[in-house]
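Below, chains carry the letters A, B, ... as their sequence lines are ordered, and counting in each starts from 1. Note that these values count all heavy atoms, side chains included, but never hydrogens, waters or copies made by symmetry.
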Amino acid sequence: MLLNKKMSEADFLAEREKVLQAWKTGSHPDLDFSRSIPYLKSIPESKNFAIKLSKAKQGGVTLVQPRAGVAVLDDHIQLLKSLIDAGADFVPSTIDSYTRQNRYVEAERGIQESQIAHRSMLNGFPAVNHGVDGCKKVFENVSVPIQARHGTPDARLLSEIIHASGWTSNEGGGISYNIPYAKSVSLETTIKNWQYVDRLVGYYEDHGVTINREPFGPLTGTLVPPCISNTVQIIEALLAAEQGVKNITVGYGMGGNVVQDIAAIKALLRQTESYLHRYGYKNMIVTTVFHQWMGGFPADEAAATGLISMSSVVAALSKATKMITKSPHESVGVPTAEANGIGIKASKFVVNLLKDQHFPESMELQMEIAQIESEVDALMDAVFTVGDGDLVQGVIKAFEQGILDVPFAPSKFNAGKVLPARDNEGFIRILEFGNLGLPEVIKAHHRAKIRERAEFEKRDISFQLTIDDVNAVANGHLIGRGRK
Amino acid sequence: MLLNKKMSEADFLAEREKVLQAWKTGSHPDLDFSRSIPYLKSIPESKNFAIKLSKAKQGGVTLVQPRAGVAVLDDHIQLLKSLIDAGADFVPSTIDSYTRQNRYVEAERGIQESQIAHRSMLNGFPAVNHGVDGCKKVFENVSVPIQARHGTPDARLLSEIIHASGWTSNEGGGISYNIPYAKSVSLETTIKNWQYVDRLVGYYEDHGVTINREPFGPLTGTLVPPCISNTVQIIEALLAAEQGVKNITVGYGMGGNVVQDIAAIKALLRQTESYLHRYGYKNMIVTTVFHQWMGGFPADEAAATGLISMSSVVAALSKATKMITKSPHESVGVPTAEANGIGIKASKFVVNLLKDQHFPESMELQMEIAQIESEVDALMDAVFTVGDGDLVQGVIKAFEQGILDVPFAPSKFNAGKVLPARDNEGFIRILEFGNLGLPEVIKAHHRAKIRERAEFEKRDISFQLTIDDVNAVANGHLIGRGRK
Amino acid sequence: MKSIVIGVIGADVHAVGNKIIDYTLTNAGYNVINIGVLSSQEDFINAAIEADAELILVSSLYGHGEIDCRGMRQKCIESGIGDIFLYVGGNIVVGKQDFSEVKQRFLQMGFNRVYPPGISIDMALNDIKNDLGE
Amino acid sequence: MKSIVIGVIGADVHAVGNKIIDYTLTNAGYNVINIGVLSSQEDFINAAIEADAELILVSSLYGHGEIDCRGMRQKCIESGIGDIFLYVGGNIVVGKQDFSEVKQRFLQMGFNRVYPPGISIDMALNDIKNDLGE
Ligand code: B12
Ligand code: B12
């Protein structure tokens with residue numbers, strides 16, 4: 001039975017041998033710890049993700065990072081360089097969807113076709129196919145830390161390759177890279193895979209190399225109530241800490257109501273730190289990442305830039321440590337370097353302008369923080385209870401029973417009964433709870449809030465609210481008001 | 001001696017005869033009230049500026065309006081139409097700088113040269129030269145209310161022409177269109193001219209036509225402390241009300257600190273209403289206009305769009321009734337229709353998204369509102385005192401003595417002793433007071449705040465702070481921190 | 001009731017639009033067979049045969065649509081449903097490309113209708129009505 | 001101390017940059033004669049003659065610079081200071097135009113140096129030093 005327990009070094013190293021055999025690039029000599037550890041120790045502090053984030057947290061500033069990745073190696077390097085020129089404090093390498101499904105043969109074909117077509121046929125950078133040689137080349141050609149961003153249920157080989165290549169951050173987690181990103185992979189499998197990924201980082205930490213880990217906060221990016229995503233973040237932080245991870249960035253995808261968004265980031269930081277402390281994980285450095293609007297974007301590029309900049313205001317005022325930017329092409333397709341740069345420049349300008357400001361303390365903010373925290377506590381309790389004290393078992397059973405349930409997720413291991421809807425001020429509330437592990441008093445609050453809106457709009461409470469809300473932002477509204 | 005007293009109808013009509021003779025277009029038959037009043041009564045409510053603003057105030061939404069104007073009539077109409085397509089709720093006609101100085105001969109030349117050059121050689125629309133025929137053609141070809149925006153010390157003829165043409169709003173005032181816009185025109189002259197302009201609107205009000213008037217809030221647009229601009233707005237509202245104006249929009253140019261900006265708008269609305277009430281003006285409708293950042297803009301268009309969108313967030317959360325938008329070309333030159341449209345679209349998207357939200361009540365906000373209000377009360381008291389109870393005399397003497405003093409203003413009737421600087425959170429404070437009519441306790445507050453910043457930056461308190469702050473935003477910072 | 005097979009092709013997990021399409025077509029009176037995300041060409045075809053469907057409505061959001069959709073008409077023919085309607089929509093190629101060209105590429109692959117990004121399913125209801133009759 | 005006349009030409013009231021230029025040039029050790037905003041060509045030339053200045057630094061922000069600056073060199077010649085340095089900068093034409101063309105137009109009018117928008121006065125200090133010597 002899979003438990004939340006640190007993998008022994010022996011188990012880890014044994015598994016590692018198999019992992020490295022999954023694709024030919026796994027046999028690269030630099031994957032030997034005797035080479036990768038000294039290599040990672042030699043990189044300057046300014047290119048270490050974990051260190052740069054810790055400093056940003058101390059300085060109270062919000063750093064920016066885009067999403068980006070193309071199939072061909074040199075094009076990818078060019079792309080990242082142009083994003084740094086535009087002002088990116090960190091660069092990503094967004095991994096293509098074949099690699100995410102470990103379909104390296106198709107990824108190989110994608111690289112070849114891209115070379116022929118002179119445009120990327122893949123939606124990301126196939127890091128495993130490019131191997132340590134390619135990934136190191138990327139790392140050595142850029143001036144800021146690199147992170148892999150993907151959505152991979154089994155990212156073990158990918159993680160080995162990127163870390164050995166000097167990439168000091170890795171996004172994902174056993175829940176957050178499964179439930180929104182897979183259909184029929186069990187949580188047991190992904191949590192096990194991600195224990196390995198975390199254990200790898202823990203191994204590096206044990207050997208004097210600090211590496212950042214970032215659970216994926218936004219989940220499906222679509223009307224996710226903060227209590228659900230924050231709970232998943234805290235769980236993944238605990239799971240990572242158990243495997244020896246020390247530097248964790250918990251994330252949140254903008255919901256659209258300013259007060260709720262700022263409350264969510266503040267609650268997320270406070271509760272992650274307090275849960276880690278409560279469960280005995282010491283010397284942890286927790287930072288936060290705010291994702292600019294993750295749902296459907298407006299097609300108009302000026303409107304999209306407006307949304308990007310508005311997201312930046314909220315991120316800066318929330319004092320999130322990092323912000324993931326979008327581009328004016330978001331609704332259409334993977335952005336050109338130029339469009340991506342526009343998103344970075346607008347974002348960077350805004351966070352810079354706001355760096356000395358904060359969102360004032362207020363009753364409204366305090367109440368929303370308290371609301372989110374009590375919801376998260378209830379969900380965490382329910383998970384631990386159903387897992388008989390073990391977090392991994394708790395997660396597996398909680399999802400089985402719908403105690404944890406992510407709206408709009410494709411996974412068949414997710415109950416899919418929860419339906420969100422906005423209240424009359426645009427806070428994301430819960431319309432249908434399914435079996436979500438929340439007490440009656442909290443449910444009553446959500447229901448009352450949604451009722452307020454429905455009465456204002458003079459219409460029934462139904463799934464139509466949810467549908468209208470899903471489509472609203474792309475059409476220039478936050479709340480999908482019924483047609484009058 | 002010029003006093004704050006409603007012009008008698010006889011005086012008004014006598015002056016009017018002369019005004020209409022200042023340029024040939026003043027003899028147009030439609031300038032006869034017997035024709036203009038019925039014409040204005042016949043325009044639909046949706047094209048009346050005053051009515052549309054009142055409705056927006058009730059609905060709690062923020063409407064948007066760009067700046068725009070070109071020399072040639074048909075080009076101007078095309079331009080306004082494209083801005084409406086981009087989402088403008090109101091259109092302006094920004095008047096060119098020759099017309100503003102009543103140099104109609106040069107304006108005529110500018111129109112001709114523009115026709116030949118196939119680009120506008122004027123920085124705005126020369127409404128007087130185009131006359132009622134031209135201005136009516138503009139009005140009848142657009143679907144939303146029109147306002148004239150200028151900066152004209154003597155706008156009497158201009159105002160006659162635009163109102164008779166169906167334009168139901170006029171920006172400006174005896175102080176706000178003098179001190180920032182002229183060098184050697186006395187306040188006595190401009191206040192007298194603007195009494196006429198207001199009396200004209202009052203005349204229409206008496207005859208059943210409501211017309212909006214908007215004092216120009218931002219003044220020099222450059223680090224103006226809110227108490228100074230709010231005081232000028234309230235004074236101009238009182239002066240306008242005395243002449244019979246009923247629908248007034250008081251304005252404020254974004255300063256850059258979110259709390260201070262929102263506090264300024266809230267204080268502005270509350271104090272304008274309360275001063276109008278205190279001085280016996282009944283049935284007034286007061287609305288507010290928030291100007292997107294009015295100082296030097298960044299050259300990069302993405303950054304400029306970021307700034308525009310950030311301004312929109314603040315405007316929406318402040319619940320300003322209207323917002324004046326900028327364009328991504330701001331730092332370079334008068335924008336193309338397309339660039340102007342980008343500014344509108346980004347702005348409109350943001351205010352739309354935030355329309356159901358507000359900035360939460362907080363101690364910090366309350367304190368800044370109280371701060372601004374007590375400063376404004378002190379300045380208003382000082383003005384009334386020095387004017388022996390008369391507002392017009394008060395204004396003239398207050399400026400003479402530097403009791404009112406606008407930073408960076410070109411007018412020689414402005415003392416020019418006040419120097420602003422930001423504090424450590426970016427609030428605009430006062431570094432040098434000159435003879436500004438504020439009590440010691442308030443000055444001490446400003447000094448303490450600026451000292452806090454100087455200590456943080458480890459540098460002396462000097463004019464260098466002001467210079468650095470003037471240049472900061474264009475370079476991507478709010479506070480012009482000294483080089484470290 | 002006419003049957004329509006819907007799903008998201010390839011390694012694509014974008015599930016939100018799929019749920020909305022399901023809801024909308026069902027509301028519009030069709031029998032919807034939703035094979036969900038991460039579906040192969042074979043999954044679509046088998047479902048269509050089983051339900052005797054008249055239309056396969058392929059969603060592709062993540063950008064690999066071009067690779068994933070190749071040969072689908074051929075497979076339909078081989079499976080004996082060569083004249084079934086094939087629609088495709090979403091964000092079907094990587095990046096912002098000239099749509100008329102993109103459309104040509106997919107029409108040549110044998111799709112009957114090809115939709116650009118930002119077309120919501122409501123806007124396609126008319127086409128469906130026209131093609132399936134009534 | 002070398003003298004420089006500064007001011008803002010035409011019906012232009014943009015005063016902020018003018019104040020900063022005054023401060024910067026004075027700090028850099030020049031004798032600055034600031035004739036302020038709303039200044040005519042004659043105002044500039046008279047001030048230059050009076051102060052025996054070596055440079056007239058014209059600011060134009062509001063867009064009418066092209067109309068306002070025409071014939072200025074000619075007027076200088078007529079006034080007997082034909083070889084004085086003439087600089088112009090700010091936002092000297094209406095709208096975003098190709099700057100190399102704009103520059104040509106002003107050079108042809110007889111200006112020695114022509115600056116694009118966004119050039120702060122600090123960036124021109126070197127040119128001034130070169131032209132005026134020392
Ligand atoms: C939310 C989202 C996600 C969520 C998805 C959660 C989930 N499991 O559903 C998460 C965060 C997990 C995600 C992941 C990824 N995403 Co994504 N995602 C989006 C986003 C922002 C919104 C999609 C959405 O839900 N829209 C709302 C629904 C209602 O609209 P819709 O999906 O467009 O569907 C409607 C219409 O398209 C239409 N429609 C759809 N199919 C069809 C078919 C026919 C015949 C017709 C007529 C109509 C039709 O009707 C639907 C209902 O109205 C879009 C960008 C956008 N649109 O703004 C990117 C986007 C689709 N994602 C993209 C990419 C690249 C990815 C990733 C590869 C990388 C990444 N960015 O992390 C991974 C892919 C993982 C995988 N293997 O598929 C790209 C695709 C690029 C391209 N085509 O060039 C997009 C366009 C963003 C971008 N510009 O880069 N994503
Ligand atoms: C503040 C401002 C105003 C204030 C001015 C207050 C005042 N009295 O000073 C107000 C609101 C009153 C105003 C009014 C108008 N403005 Co105005 N304004 C601005 C703005 C936003 C900032 C100007 C500023 O103060 N910058 C800060 C200072 C420090 O920088 P600066 O002025 O650029 O000066 C520096 C450099 O240019 C350089 N420099 C200047 N001259 C020279 C000369 C040489 C030789 C050199 C080397 C360097 C140099 O050094 C200076 C110091 O570093 C600019 C746009 C922008 N830049 O973002 C528009 C702008 C200048 N204004 C413009 C216009 C059109 C107007 C109006 C006609 C219409 C309107 N928008 O209302 C009126 C004009 C009134 C008139 N008759 O002049 C346009 C000009 C358009 C064009 N050229 O195509 C601009 C560019 C905005 C735009 N894009 O439309 N404005």
Query - Minimum heavy-atom distance B:G333-D:N91, with the two atoms named - result: N-ND2, 4.3 Å
Query - Shortest non-hydrogen contact from B:N471 toward D:I20 - result: OD1-CD1, 4.2 Å
Requested in this report: Answer with side chain, backbone, both or neither: which region of B:S331 has an atom nearer than 4.5 Å to a non-hydrogen atom of chain D?
Outcome: backbone
Query raised in the report: Can you check whether B:E106 reaches D:I67 side chain to side chain, under 4.5 Å on heavy atoms?
Result: no
Report summary line: Looking only at heavy atoms, the pair that brings D:V13 and B:A182 closest together is CG1-N, 4.2 Å
Requested in this report: Would you indicate whether the side-chain heavy atoms of B:P335 and D:K96 approach each other to under 4.5 Å?
Outcome: no
Query raised in the report: If you tally heavy-atom pairs under 4.5 Å against chain B, which of D:A11, D:A15, D:G63 wins?
Result: D:A11
Query raised in the report: By a 4.5 Å heavy-atom criterion (distance strictly below it), what part of B:A339 contacts chain D: side chain, backbone, both, or neither?
Result: neither
Query raised in the report: Using 30° and 60° as the class limits, which term best fits the ring planes of B:Y98 and D:H64: parallel, tilted or perpendicular?
Result: tilted
Query raised in the report: Crowded around B:E338 CD? As in, over 12 foreign heavy atoms under 6.0 Å?
Result: no
Query raised in the report: Which pair of non-hydrogen atoms, one from D:Y23 and one from B:I467, has the smallest distance, and what is that distance?
Result: CD2-CD1, 3.3 Å
Requested in this report: With a 4.5 Å cut-off on heavy-atom pairs, point out which of D:G36, D:G10, D:G95 contacts chain B the most.
Outcome: D:G95
Query raised in the report: Is the NZ atom of D:K103 crowded by more than 12 outside heavy atoms at less than 6.0 Å?
Result: no
Requested in this report: Flag the pair B:R119 and D:E101 as a salt bridge only when some basic side-chain nitrogen lies within less than 4.0 angstrom of an acidic carboxylate oxygen.
Outcome: no
Query raised in the report: Got more than 12 heavy atoms from elsewhere within 6.0 Å of CG, B:D460?
Result: no
Query raised in the report: So which heavy atom on B:K183 is nearest to which on D:S39, and how close?
Result: NZ-OG, 3.5 Å
Requested in this report: Pick one of side chain, backbone, both or neither for D:K19, based on which atoms fall under 4.5 Å of a heavy atom in chain B.
Outcome: side chain
Requested in this report: Answer with side chain, backbone, both or neither: which region of B:R103 has an atom nearer than 4.5 Å to a non-hydrogen atom of chain D?
Outcome: side chain
Query raised in the report: Quick check: are there more than 12 heavy atoms from other residues, nucleotides or ligands sitting under 6.0 Å from CD of B:Q115?
Result: yes
Query raised in the report: Of all heavy-atom pairs between D:V16 and B:F408, which one has the smallest distance, and what is that distance?
Result: CG2-CB, 3.9 Å
Query - Portion of B:P298 that has a non-hydrogen atom of chain D nearer than 4.5 angstrom - result: neither
